Structures are given as structure tokens and as C-alpha cells.
Amino acid sequence: MVSKTEEPGVQSSAAQTPERSPGPCCEHANGMTLVNGDGDHKHEADVEPKQNGHDAGEQTEDGNEQEVIVIQDTGFTVKIQVPGLEMFSIQVSPQEMVQEIHQVLMDREDTCHRTCFSLQLDGNVLDNFAELKTIDGFQEGSVLKVVEEPYTVREARIHVRHIRDLLKSLDPSDAFNGVECNSLSFLSIFTDGDLADSGRKRKKGAELEQIDCTPPEYILPGSKERPICPLQPQNKDWKPLQCLKVLTMSGWNPPPGNRKMHGDLMYLYVITMEDRHVSITASTRGFYLNQSTTYNFNPKPANPSFLSHSLVELLNQVSPTFKKNFAALQKKRVQRHPFERIATPFQLYSWTAPQVEHAIDCVRAEDAYTSRLGYEEHIPGQTRDWNEELQTTRELPRKNLPERLLRERAIFKVHSDFTAAATRGAMAVIDGNVMAINPSEETKMQMFIWNNIFFSLGFDVRDHYKDFGGDSAAYVSPTNDLNGVRTYNAVDIEGLYTLGTVVVDYRGYRVTAQSIIPGILEREQEQSVIYGSIDFGKTVVSHPKYLELLEKTSRPIKIQKHKVLNDKDEEVELCSSVECKGIIGNDGRHYILDLLRTFPPDLNFLPVEGEIMPEDCKKMGFPKEHRHKLCCLRQELVDAFVEHRYLLFMKMAAVQLMQQKTALQENAGALEGEGSSSEPSSSNKDEEQETTKSEEDAEADLDPESKLKELEESIEAHNETVDAKSREVIRKACQAVGSISDSTFDIRFNPDIFSPGVRFPESAMQDVHVQKLLLKDAAAFLLTCQIPCLIKDCLDHNIVPMDGATMAEAMHQRGINIRYLGKVLDIVNKFPIPAQLDHVHRILIGELITRSAKHIFKTYLQGVELSGLSAAISHFLNCFLSSFPNSVAHLPADELVSKKKNKKRKNRNLSSTDNTTWASVTPQELWKNICSEAKAYYDCTLECDHVDQAVETYNLQKISLLREICTKVGIQILLKEYNFDSRHKPTFTEEDILNIFPVVKHVNPKASDAFHFFQSGQAKVQQGFLKEGCELINESLNLFNNVYGAIHVEICACLRLLARLNYIMGDYSEALLNQQKAVIMSERILSIEHPSTIHEYINLALYCFANNQLSMALSLLYRARYLMLLVYGEGHPEMALLDSNIGLVLHGVMEYDLSLRFLESALTINTKYHGSKSLKVALSHHLVARVYETKGEFRSALQHEKEGYTIYKNQLGEQHEKTKESSDYLKYLTQQAVALQRTMNEIYKNGSNANIMPLKFTAPSMASVLEQLNIINGILFIPLSHRDLENLKAEVQRRQLLQESLKGAETQEEKTEETKEQDPADDSSTAITEAPEAQTSA
């Protein structure tokens, strides 16, 4: 076996081709191969408890039985023989390709410097792309020989690039610069390396030595300073061991003809740490020193020439420092946690970065010059044909699980590659590095093609959108189109194709990147479009094949088939909006594009003359004029509305059926038998929609409902037995809810209603009327149902947004668009107990201000030329955030600006305005604009004319506003402490602006099978079947890894849940390892200070505490508190949970005064948000009382415990166990207090000869602290009987024994055991609740 830290080579090459095998390679890090196509398997640390035969349970119709499909055969061990090394063995699986063994060797510490070799079995060279199982004689114990091969120019380049990557492997600059899908993770600084190792290094006793628990000043409750520097602490590994001063391509390249014939491929120039300058020839036989100098070309070999097959071997001989440092560097590289090193699927950008020295880097320089126009090394020949790749992956078969996995993996891989290429292209377009395909037109109208991707700018060219709001409409249309592409991709109908679409906002411009339909550039658009309209409904055409394909999507997307009139007054049938165009490409595929109106219009923002909105809307001040007429409802809203209507339909019909019970009696006999009581649903239920089922559910009588469902089905089937009255009932109910069918519930929308320029035939008028009503109802539903729902969820703490992004996500999940921000704020303001929504209010105001500032910044930046960019951005930030009253911009120095040149180039610049207008903006003017933008766009009145007033009035903090604006517009600033409040000098200078990044929106392809497993696993866990739940979630983890590779946000959710299950089942160390992965993954994909990352840190701290790693638990909690202060500030409801955690741990390590500060802060926050009578507050009082008791301050302890007791008594009654516990504790405290008083009196009376009884001051036991931690974090353990306890112990021991060997072998045995213990309370005898609310039921 290889040591567990060997990880997939981060430089993949051909392994990314989609034809790879579905399964992860063996029981190793679940298919980490998939990220970089390198199959390095064997990290015991990452082994998931599964057999090599991953039994991928496939869900059958009823969803409980798991039809088992074995994807994998078991792995076996082979020996590898490398020249100059002892033979070693590695584990492989028959599914893998030979290529993947290459990757393992290129990543191992002792063989990482080899790239150009072949693998031979019994003297036969193995084909790189052959699967191992297809090779004759390849079996357990085979010996593979590594044979060095001659180099070619390509191989030599790959070799140099690989060596450079090894030299840079610890250097974080790629992550700060946002390239190569690198991103930051700081967890290892707080856990002091990988937790898996640290557990072994620490002795149990060592923990009890004195640990330093003092938190840094700035995170103590009540501290006012908010430093930025701790956000990215300096990692000691970053000052990498320097191995060379310079490694670069020599100026003598390429070799002249006569040297080519001697085998010279290229020349390198190196300066070693000892300051020796050497010139190196890369030849077909390897690398050697030649006699050239900087100015003299002499390609003859030097003496000695040190000919070596690898560059590392050569440099080891030339430079002793290189030899020492390179070895040390590789040791460190393989010790890092694999998840810190693997590339993420999509690039994450950091909004702060330290000052990094810019060092010479030959590969980076070469990349910049050749701009690697997307021809990645491993693709032979030309640039990638993105459209072909995107569409072919969709055509892959999907009949069974392995096929679906292969298909989804290929789709995901191509999408992430396409997104990266599109982002690079969009930046090149805006930076002016790409030639337009219509260079003679004015700049805004130009279009570009780069790397087989088509780019257009978000401006209204040729007055295309003039009826819809001009440039505003042109700006929003790409994102609407992208949402349409997402939706059609998710429905995934065979034969219907969409374009690869990515929307990039960069430097104030919006760029749409699309894959190119074959043949579209050779034809005029009029000839190509055979379905839909190119002029918003004047000329409309249709096509039977498109109707057939789109009709398949109409039910899931809820689009109604309808007729419209064209300019010749002919009726044309469509099954989409008129703008949706159908084009058959030269490849014969049916493409649909321009999906900007996939969803129905939002009438609250679309005033139409003569249309009267429902009362509810009018009361709230709708409809309002918006900047553009492309406002659509979100898909989540459409789904929630249909769900709501379905419950209404059920209720109406059920009530009428009850009245007609007598008439139903005859059918009842036939139906009673199979009546199912489950509540059926027509819409595909996402988890989000569960909220809308609230009240109706309870009232609707289930029994008639089930009969009703039967009825509905029999009417559908034109069943004769159903009598006329029942038909009538269903018909009335259908009519009342606006169903398009009389016999069954089916709601769909016509997206063309209220489209300017679209006309409907007379015959359809009745239908159009129904549709108009439906749209008005949907608009009212958003205001009367969804927004109140959102606010209720915030009140009940079902959702706890912490920053703008999480708030926006919560709104979106409920189908509320961001343009309703002002409305939501309005309702929050009118709330009777404002304190309970204080956090929501703060976040909404901050979001309003930063979004309005973003709108202004966008147009502001368009007027800035490249040379003035950093000056302009720092000036904007000063006006926005600095207290300095008269911020003056620094214009670029005059000697660089030549007046003549500018006149000629006027039209080349994307902006035609005077390029220095940005410099005259003042803080007063900017804030005035922000307030008017907030009023115009969000209809919200802000009471502030400068930043300090905003901060004062709305209790905001500048650092959070800075973070929000930077992440929204893609600014990266220098990591240093900023003084926002100085009135003497501006906060930011040009030097503080490091970079400007793109903000990218793209499609996120999903792993459907894995997601089903995950959901059924969650359901099992909620029912209390922990073991089955755990197995399903492990299985879903395997499938997710298969599709997404090792790192993805859904894998993060999987790991978090697994860790929690491990914890509940008593396997603390496994919980720790899984949660560690979840934290690193969250830092790498969501960002180091994302609210989810903060939660992951808190969970990890709990598991560390359970593993006796107390100081580590504290440093993780302190980190979480620091991040929460940075993102939101003091006083967030989640801060109460965090402070209770910190207080409890400090109590455990006997830091009582510190502990009280945190626990009292938690008590204050809980009282504020939950009211002084809530159970959360009672628990807080109890925790504070415990600390006072251990300090011996019984009076304070009694006071707090009494408060808690009163709450328990009033809320739960005298008899509840909580009330009794509290009352017992009160008695105990009273006794202690009396004893103390007696002792004091004794001392006063008898002075020093007093006879004193020793008082008991007990330090809390770790077990009691852990118990309280579990309660506040919402983890409940159900009490066990003695027998169950024995079983559980045996189970845990068995698990530990099995962990070293094959982890999955237990699944078979467990199956048999589980039949005995199906009772949910029994199973593994513990249950879990996700929400911290759980304590109420404790």
C-alpha cells in the first residue's frame, strides 16, 4: 500500500476524456480520480465504509427496496518496479485505465519527478487508455516495470510544466490570483495539520497540561475592533523552501536545424540558489548541461554534462540546496490534506489577498504569451469543439445506473471546463485582447469568437429591446436566458438541445458566452429559425418536431401549449414563449435558444393598461413600473403556487364530496380497498416547497382526499362507472383553481400573456382570460403567502441568514425575486416586535445599500480606461465607505497620457464618455445616488446621506459592507488594516486595489441518482433508522464522487450529515475526519468566511471536544466567532449558539470568568430574539447558573436558576422532567448557599480557630460539559436500556476492528441484524434532530 497521503496528481492530462470508467477506482478516496483524472487510490484516510463492489442501490418505483447493482469488481495489488528504487506495491481496480497508474506515480513522493515513461508487463508496453481488466495476464501480484521513454517537444514541455508545478505546490499565489481552480483553506492552521495525524501524535495525558484559552481581544463579546488580517492568517508553509532562483526558457529557443538533427528539443536557463548560472538542453535522451551563456550560443555538452532522464535528477547534481529543499518540499506536499490540493470544479475568487512578491515563472509567462487558446495539452490537434462536446455528452445512454453515472460525470466535466474557458474568453474580450468579428461597427455592437465560443455584450444593439426597456432589458436578458437553459437542461428531454451558456460580469460589462450551433454563422438568422419568432411576435413560425419535443417539457415546466397570430393573421401553435427560437444545426440536432421568457411574467412589476390587479397587490402598492419588461416569476414560485393550488383543489373537492357522501356510497366499495392516504402531489416537490403546505394540510380531511385521487384517475381513464355528480365535483374544483383540464388537476402558464406585440386568436380568448387571472393570482400569492412565509421562517429561526448571499438564497428558495427586497424590508419594519427580526432588518438594509452601490459602480466602471482602473476603484470605495469628507481621486500621471493618441482611438474604447468623469464623484453625490437608486429600483427610502449616518442609523458595520461590495462586483483588496473612520485621510489608496475578478453565472449540472440516495438517507435518519440512513448516505457519497469528483458543495452536505451520524452513533474519531473534510471543502468551494463554513467550524469544534482535543476545539470556535463578527457583527441569533459553545468549553477548562462573558452574551442574544419566556432562554440561565456555582457565587447562581425554573414551570408545567430537574438543582444550590453562609458566620464568630467544614466546589466533568454541548447543538440521544447499551458497545468495537480492514464488509451482516430491530427507537438506539431547536423536546 502507498502511504495515505499520496494523492491524485494535480496535473492531469488525458485522463479527463469522458470515456472513463464509471466507478471510483477502488476503495480509495472515492473516485478522486474524477477531478483530475488520476487514479490514485489507496489513501486509507479517505476510505469510505463501502465495499469495492459499491452496491449502488437503485431506487425502484416504491422507493424503499434497493435494487442492487454492482458497479465494481474488487481491487487487487500489483508491484511497481522503478529504476533506482526498491519495488513497491499499489492497489488498483479493474475499472481503471493504465493512465491512472501513471498519475499515481507522478504524484508519489519518490517518483513524482518522472513524466515520460511507459509501463510494461512481461516486456509488453501497456496502452495508456486500456482498462486494466482488458489486459491479458494482469492480476494480483503482477510486476509492472517503469521504462523511461525518449522525449518529444511535447513531452519535454509537459515535463518542465510538471516540475514547475511541483516546485510551486505549496505556494498559495494561484489561489489568491484565482487561477487554475485553486482556492484557499486555512483549517490546517487551526488544527495544526491534518487531524488524522494529530490524533496519533497526541498522548491522552498531554491534553490535561495547561492549555492557553485566552481568546484574542477582538473576538471578545463587546469588542469594537474588526480587524481584516486574521481572515487570512499567514501559513508557515507558504514561505516555501526555495529550490531555484530562476527556471525559465532560454532565449536560444527554438534549436536551429543542425541542432534539431542532434536531438535538441529546447533550451532552459537556470540560476541555482548558489548563484550558479547554467544552460540546459532538453534532448530526446533527457536533460544535460550545455556550454551556452547568455550571449554565446554553444550547444555542445558541458563537462561533466550530467545527462539525466529527469530534470530533477540533473538539478540534484548541480545544486546541493536544490537537492535538500526539493526533497523537503515533496515531503510537505504529500502531507497536506488531499482536499487542500485538488482543483475545485469552478473557480472561487478571494476578495482579499496579502502582498505576494511577483516571481519569475517561465510557464506562467509562456501561458500568457500563447494565451493557450484553450488547447489544453491533452487534446490532440485543434481547439475544443465545445458545442459538440456539450451535446455528445447529453446523448450518452442512460438506461441503468452505471450508464447514468458515466453520462452525468461527462456532462459535469464538460460544463466545468466550458465555464472556465468562457470566463477566460470573456475577460480577454473586455480587456481588448480579442478581435471582433464585426470590427467596423461601434464597440457596443461588436461580437467575438474565441476558442469556439461566441461572445456578445449586454447592450441593446439594433433597438432589439426597445419595447422592453432598452439597455436594462438587454442587461437582464442573459440571466433570464441562463435560467431557461438551466430549466430545460434539468428536464433533460432526449432530442432537445440547448446551448452552453455562461454569463460573466467583468469591469462593469456583462458578457454572454455561448457555444456555437454548427452552421449558424454561415446563414442569415431568418433562414435558420424554423420555430418561434425573431422579432418578438410579428412573424411567428412553428414546426411539428419542435412542438412534439417541447410538449414533453410542458408538464414539468408548466408551460401551456397555445396559439398566437402572426403578421398575416394566421394562427400558429407554440409550446413556449414566442422569443424562444428553434434552429436545426448542420449536425441535424434541434436546438432551442433565447429562453429568456421560459417563466410567466411577474405582474407586480408589469403595469398593463386596463388590467386590474387583485386587492392584495393594490394594498401593497403594486403594480409598480420597473426598468424593463422582462420581469419573470421564479421557477420556485411557480412550483410553490401550483402546490398551493393543488391543496386548494383537494380541499374544495373533498368538501363537496363530503356533502355528496350518499351519492358516493356506491363507488366507495370499489375504491375503499386501495385508497391510499398519502397526500399525492402533481408538482415535483423540492424540499423548499414543503413550507407552503402549512395550514391547508391540517384541515383537509385525508380520507375523502384519497377517494378523490381515485376518482380523478378514473375520470382521466374515461371510466364509465364514475357518476355524473362526481365528475361535476371535479370539474368545478378544476375550474375554481384554474386547471387547464376539466377532469384532472393540471395548472400551466402561457408565457406570452402580456407580452407586447403578441396577439391571440379570437377562439383562444376564454383561455387567455383564465391565464390572466392565474398570473394575477400568482403575483398575489407571492405577496400574501411567500413573503410572509419567509418572515415567519426567519422568526421561527428555520432559516437564519447571516449575510446578503444567504438572505438572497432564502428569498430565492421561496420564489421571491431580489427586486422585492424593498417590500420584504417594508414588512419587516412593520413587525410588532422589531427586536426579533433585528438581524433580518440589518442584512436587508446592507443588501439594499450594496446592491444599489453595485448598480452605480457598474456604469461608473464603464467610463474608466484600463490605466485608471485601480485609482477609480479606490476612489469609489473611499466615497462609499470612508469617513474622509472630501475624497479626491488621483488621475493617472500626465506624462503617460498622450493627448494625440486618444483622439484616434476614441471609438475603440467600450465607453464613449469622457474618461475622467469618474474622478469628480464625491461621497455626498454617491450616497445621494445610492438612496435614489434604492428608491427607484427597490422602492425603499433610505435615511442617510453618507456612510457614517448609514452605519449609525441602521447599526451596520463598514467591514461587512466592504466584504459585500467586493464579492458582488469582483474587487480584490490588499489584506491590511483599514482605518475607515479617519477624517484626515482617505481609507483606500490605489495600491490597495490588487485585482478585479469576473463574477460568473453558469449552469450547475446535477447528480440525480446520488441526490435521490441522499434524500432517502435523510428521510431514514429522520425516522430514526440511523444505520440504514448511514448506509444510504455513504452510497450517495460514492455516487456524488463518481459524478462530481472529490470536491463539490453537495459532497460537503453529505460529509456533514455523515459526520453527525458518526457522532451520534458514538464513533467520534470518524465524525472528526468526515467533518474535517466538510470544513476544508466548504472553505474551498464557498469561501473561507461563508456562513456555511462558519457552521462547519462549529460542528468540527464539537467533535474535537468529544475527542478530548480541547484547545483545538476552542481555537476553532474562536475562528468561527471571528468570521461571524466579520460577516455580520455582534448580536446575530447564531452568535448565541456560538457563545454558548465557547462558554461551555471554557467552563470545562475552568476559565470561569471568560466563560461567563460568553454565556451572558448568549443569554442577552437569546432573550432578544426568543423573548424572555422561551425555553432557549431558560437553558441559557441554567448554563450561567452552573458557572456561578463552580465559582462559589451561589446568590447569582440561584437568581439565574430561579429565572430558568419559572420559565420551565410556565411553559412545560410542574410535572415535566425539565421543571423537576431545575427544582432539584435549586434545592442543591440553596443547600450550598446555606452551608457557605454557616461557614462564614462560624469564621466571624470564632476567628481563626473556627472549625470549618470543607465546601464542595466541583470542577465540571467533561462528560457533563459534552452533554450540555449536545443539547445546545440540537443533538439528542435517546436513553437506552442496558441490553441496548451492550449491543451498541459491541457494535462500536466491531466497527473499530473493521475500520482497518475492508470497511464495507459489514453491510451484509448488518442486513440480517436489522431485520430484528426495525423499531425506530431501537435502531442503533439513538436518534437525531438537525435543528438546534431540539432542546425544547428534550
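Quick note: numbers below take in every heavy atom, side chains included, and nothing from hydrogens, waters or symmetry partners. Being a predicted model, the structure only gives us computed values, none of them experimental.
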Visitor: What I want to find out is whether E340 reaches R1084 closely enough, with some N-O distance under 4.0 Å, to be called a salt bridge.
Guide: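 Salt bridge: no.
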Visitor: Indicate the atoms forming the closest heavy-atom contact of C575 with S554, along with that distance.
Guide: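 Closest approach of C575 to S554: SG-CB, 3.8 Å.
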Visitor: Which heavy atom in D385 sits nearest to a heavy atom in N452, and how many Å separate them?
Guide: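 In this case the closest contact between D385 and N452 is CA-ND2, 3.8 Å.
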Visitor: Angle between ring planes, H1048 versus F412, binned at 30° and 60°: parallel, tilted or perpendicular?
Guide: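 Rings of H1048 and F412: perpendicular, as their planes differ by over 60°.
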Visitor: State the OH-CD1 distance between Y591 and I517, to the nearest 0.5 angstrom.
Guide: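 Y591 OH to I517 CD1: 6.5 Å, rounded to 0.5 Å.
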Visitor: Kindly indicate whether the side chain of I818, heavy atoms from C-beta on, has any atom under 4.5 Å from the side chain of H812.
Guide: yes
Visitor: Go through N480 and R597 one step at a time and tell me if the side-chain contact (heavy atoms from CB on, under 4.5 Å) criterion holds.
Guide: CA-CA 7 Å; N480 279 5; R597 275 176 178 277; over 6 Å; no
Visitor: Take D492 and K552, measure what salt bridge (charged side-chain N to carboxylate O under 4.0 Å, His left out) needs, and give me the verdict at the end.
Guide: CA-CA 10 Å; D492 209 3; K552 291 182 190 162; over 6 Å; no
Visitor: Hey, what do you get for CG (D481) to CZ (R486), rounding to the nearest 0.5 Å?
Guide: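 So the CG of D481 and the CZ of R486 are separated by 11.0 Å.
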Visitor: About how many Å separate OG1 of T419 and CD of Q347, when rounded to the nearest 0.5 Å?
Guide: 11.5 Å
Visitor: Do side-chain atoms of D107 reach the backbone of Q103 as a donor and acceptor pair under 3.5 angstrom?
Guide: no
Visitor: Between T1093 and S1087, what is the shortest heavy-atom contact and its length?
Guide: OG1-O, 2.8 Å
Visitor: Taking atom types as modelled, is there a side-chain donor on Q391 or N387 under 3.5 Å from an acceptor on the other?
Guide: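 Yes.
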Visitor: Kindly give the heavy-atom pair with the smallest separation between Q514 and F418, and that separation in Å.
Guide: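 For Q514 versus F418, the nearest heavy atoms are C-CZ, 4.2 Å.
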Visitor: More than 12 heavy atoms of other residues, nucleotides or ligands under 6.0 Å from CD of E522: is that the case?
Guide: yes
Visitor: For Y1044 and F1040, take the angle between the two ring planes, folded into 0 to 90°, and tell me which bin it lands in: parallel under 30, tilted 30 to 60, perpendicular over 60.
Guide: parallel
Visitor: So do the side chains of T512 and L457 get within less than 4.5 Å of each other, counting heavy atoms only?
Guide: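 Not in contact.
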Visitor: Can you check whether T553 reaches Y488 side chain to side chain, under 4.5 Å on heavy atoms?
Guide: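 The answer is yes, as the side chains (C-beta and beyond) meet within the 4.5 Å cut-off.
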Visitor: Do the side chain of N451 and the main chain of A421 share a donor and acceptor less than 3.5 angstrom apart?
Guide: no
Visitor: Using only atom types and a distance under 3.5 Å, with no angle test, would you say the side chain of D587 pairs donor to acceptor with the backbone of R589?
Guide: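 Confirmed, D587 side chain pairs with R589 backbone.
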Visitor: Kindly indicate, with the supporting measurements, whether the criterion side-chain contact (heavy atoms from CB on, under 4.5 Å) is fulfilled by I520 and I583.
Guide: CA-CA 9 Å; I520 183 130; I583 295 180; 3.5 Å; yes
Visitor: Find out whether F455 and W450 are in side-chain contact, i.e. whether some heavy atom of one side chain is under 4.5 Å from a heavy atom of the other.
Guide: yes
Visitor: In Å and rounded to the nearest 0.5 Å, what is the NE2 to OG distance from H1090 to S1082?
Guide: 7.0 Å
Visitor: When you measure from the side chain of T598 to the backbone N and O of L595, does any donor-acceptor pair fall under 3.5 Å?
Guide: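 A pair under 3.5 Å: yes.
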Visitor: Side chains of L499 and V485: closer than 4.5 Å at any heavy-atom pair?
Guide: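 L499 vs V485: side chains apart.
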Visitor: What is the minimum heavy-atom distance between V999 and G970, and which atoms define it?
Guide: CG2-N, 3.9 Å
Visitor: Do R398 and E403 meet the salt-bridge criterion of a basic N to acidic O distance under 4.0 Å?
Guide: no
Visitor: So, R510 side chain and Y475 main chain: donor-acceptor pair closer than 3.5 Å or not?
Guide: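 Between the backbone of Y475 and the side chain of R510 there is a qualifying donor-acceptor contact (under 3.5 Å).
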Visitor: Does the ring centre of Y546 sit less than 6.0 Å away from the ring centre of Y531?
Guide: yes
Visitor: S1008 and R404: side-chain hydrogen bond (donor to acceptor under 3.5 Å, both in side chains), yes or no, with the steps?
Guide: CA-CA 9 Å; S1008 49; R404 280 197 300 276; 5.3 Å; no
Visitor: Can you find a heavy atom in the side chain of H415 that is under 4.5 Å from one in the side chain of L390?
Guide: yes
Visitor: Determine whether D1009 and F1011 satisfy the following criterion, side-chain contact (heavy atoms from CB on, under 4.5 Å), listing intermediate values before the conclusion.
Guide: CA-CA 5 Å; D1009 289 289; F1011 192 62; over 6 Å; no
Visitor: Run the numbers on R814 and E636 for salt bridge (charged side-chain N to carboxylate O under 4.0 Å, His left out), then give the verdict.
Guide: CA-CA 6 Å; R814 287 157 186 73; E636 295 92 339; over 6 Å; no
Visitor: Side chains of S183 and Y349 only: does a donor on one sit below 3.5 Å from an acceptor on the other?
Guide: no
Visitor: For the backbone of A130 and the side chain of T134, can you confirm whether one donor and one acceptor N or O come within less than 3.5 Å of each other?
Guide: no
Visitor: Where the side chain of R407 meets the backbone of R394, is there a donor-acceptor pair that is under 3.5 Å apart?
Guide: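 Checking the backbone N and O of R394 against the side chain of R407, a donor-acceptor pair under 3.5 Å is found.
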Visitor: Can you tell me how far the CG atom of D639 sits from the NZ atom of K558, to the nearest 0.5 Å?
Guide: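 With rounding to 0.5 Å, CG (D639) is 4.0 Å from NZ (K558).
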Visitor: Decide yes or no for I453 and I516: does some side-chain heavy atom of the first lie under 4.5 Å from some side-chain heavy atom of the second?
Guide: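 The answer is no; the side chains never approach within 4.5 Å.
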Visitor: Could you walk me through whether E1050 and K1006 satisfy the salt bridge (charged side-chain N to carboxylate O under 4.0 Å, His left out) test, starting with their C-alpha distance in whole Å, then the side-chain angles of each, then the deciding distance to 0.1 Å, before giving a yes or no?
Guide: CA-CA 9 Å; E1050 284 172 19; K1006 288 273 173 273; 3.3 Å; yes
Visitor: With a 4.5 Å heavy-atom cut-off, do F599 and Q635 have their side chains touching?
Guide: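 The answer is yes, as the side chains (C-beta and beyond) meet within the 4.5 Å cut-off.
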Visitor: Minimum heavy-atom separation for V1003 and L482, please, with both atom names.
Guide: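 It is CG2-CD1, 3.9 Å.
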Visitor: If you round to the nearest 0.5 Å, how far is CG of L593 from SG of C580?
Guide: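 Going from the SG atom of C580 to the CG atom of L593 covers 7.5 Å.
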Visitor: Looking at K413 and E389, is any side-chain nitrogen of the basic one under 4.0 Å from a carboxylate oxygen of the acidic one?
Guide: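 Result for this pair is no, no salt bridge flagged.
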Visitor: Between S528 (side chain) and I584 (backbone), is there a donor-acceptor pair under 3.5 Å?
Guide: no
Visitor: Could you tell me if the ring centre of H1002 sits under 6.0 Å from that of F346?
Guide: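 That pair passes the under 6.0 Å test.
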Visitor: Checking E96 against E131 for the side-chain contact (heavy atoms from CB on, under 4.5 Å) test, could you report, in this order, the C-alpha distance in whole Å, the side-chain angles of both residues, the deciding distance, and whether it holds?
Guide: CA-CA 5 Å; E96 275 169 55; E131 287 193 5; over 6 Å; no
